[in-house]
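These notes concern the structure reproduced below.
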Amino acid sequence: MRWQDIVYLDNSSTTMPCETAIVEMNNAARENWGNPSSLHIMGIAAEEVIDNTKAIAAKLLGCDTEEIFFTSGGTESNNLAIFGAVEALKRRGRRVVTTAVEHSSVKTVFDQLEKQGFEVVRLKPDRYGSISKEQLYDSITADTILVSVMLVNNEIGTVLPVESAAKAIADKNSPALLHCDAVQAFGKIGLNVRKLGADLISISGHKIHAPKGIGVLYKSKKCRIVPRIFGGNQQAGLRSGTEPVPLIAALGGAMREIEIEKSLSKVESLNRFAREKLINTGLVKINSPEDALPYILNVSVEGYRSETMLHFLETKNVFVSSGSACSKGKGSYVLTEIGLPAERVDSALRISFCRDNDFEHVELLCDAIVKASKVLRKR
């Protein structure tokens with residue numbers, strides 16, 4: 001199947017690597033394949049690739065290059081940030097705060113911390129998937145050592161008040177570090193670490209048209225966390241192991257292609273068009289809030305199970321998700337947490353856009369949903 005023949009609307013699961021990323025990856029694999037820790041000219045050339053990508057990431061985040069660390073992706077970045085922060089601060093308290101709508105790579109880490117005896121506070125979202133400033137303020141105490149709040153929810157697109165969490169920590173004079181899973185936000189909205197106030201930020205390459213297997217952890221130089229991987233002391237000892245230079249080069253190439261305002265404007269138009277077209281089918285209810293990040297649009301085609309609808313759409317070369325790709329088809333705990341009834345949850349689809357989508361893709365999606373309603377039997 002050629003990618004030109006499909007309607008791919010599952011970009012929050014993964015994106016197609018852009019040409020620049022592929023070219024940079026191949027160049028690094030063929031020409032700069034030395035070990036970046038080696039002191040000879042081949043090692044220095046490989047290290048230069050790493051430094052260049054760090055500079056691009058630092059510019060996009062508004063931070064210093066020494067605050068950029070490469071990981072294998074969002075999951076590792078989240079695990080390193082959370083476990084590392086708790087290990088560093090556990091003598092100052094046992095209370096950690098998060099939300100009930102985090103990605104599974106954060107949610108399950110907090111489940112593990114609870115098993116280890118930490119007091120885990122999971123803030124409940126409102127109908128729109130958000131957390132109030134008051135909830136954040138009331139949850140943070142003198143013995144709170146970590147707060148983890150995602151910037152954009154990966155299922156419904158809600159933008160959460162991370163800056164308010166930073167302010168609450170400061171106002172309470174808490175020792176807590178602030179971690180932010182920004183996997184669905186980076187490259188899509190402007191992100192400045194100083195303004196956001198987070199000490200730790202997780203990023204994934206394959207959500208921004210880089211290959212899978214590469215990610216970033218921003219760690220403020222003002223904070224300390226304990227490593228999870230030990231070895232040759234690469235990356236200042238925070239994440240040992242020989243750096244994957246081709247993947248880092250690819251990430252740099254993908255980041256150079258980011259045009260936030262241009263892409264956001266296009267996707268906002270696509271989202272508005274999709275909402276109108278889908279509602280006009282008379283079959284669809286919108287689950288994402290009006291002010292959600294437009295890259296994500298969660299809907300329900302009531303009466304038709306998500307998986308059944310997803311596979312019918314696939315026969316029409318239209319690809320969406322039934323929720324987070326990491327859920328493997330399980331019902332969405334995010335939609336349940338925001339209070340949607342079981343029928344809405346069981347019939348939910350996540351449509352997620354990228355800069356390569358166009359209005360025709362939306363029309364083909366809507367046509368396919370209408371066809372599905374005529375072919376599939378209601379449960």
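Along the sequence shown, the residues carry numbers beginning at 1. This is a predicted model, so every value here is computed, not measured.
- No donor-acceptor contact under 3.5 angstrom links the side chains of Ser130 and Thr158, judged on distance only.
- Between Glu337 and Arg122, no side-chain nitrogen of the basic residue sits less than 4.0 Å from a carboxylate oxygen of the acidic one, so the salt-bridge criterion is not met.
- Under the side chain to side chain donor-acceptor pair (under 3.5 Å) rule, Ser105 has a single partner from Asn79, Asn154, Asn78, Asp181, which is Asn78.
- Taken to the nearest 0.5 Å, the CG atom of Leu365 stands 11.0 Å off from the NE2 atom of His361.
- When atom types are taken as modelled, the side chain of Thr281 and the backbone of Lys277 share no donor-acceptor pair closer than 3.5 angstrom.
- When only modelled atom types and interatomic distance are considered, Ser288 and Arg275 share no side-chain donor-acceptor pair under 3.5 Å.
- The structure places OG1 of Thr308 at 11.0 Å from CG of Leu313, a figure rounded to the nearest 0.5 Å.
- Salt-bridge formation is not detected for the pair Arg355/Glu259: no Lys NZ or Arg NE/NH1/NH2 atom is positioned less than 4.0 Å from an Asp or Glu carboxylate oxygen.
- Salt bridge absent: Asp358 and Lys266 never bring a charged side-chain N and a carboxylate O closer than 4.0 Å.
- Screening Thr98, Leu136, Val101, Leu160 for a side-chain contact (heavy atoms from CB on, under 4.5 Å) involving Leu123 leaves a single residue, Leu136.
- Nearest heavy atoms, Gln235 versus Ile68: OE1-O, 4.5 Å.
- Put simply, the side chain of Thr71 gets close to the backbone of Gly73: a donor and an acceptor are under 3.5 Å apart.
- A side-chain donor-acceptor contact under 3.5 Å links Glu102 to the backbone of Met150.
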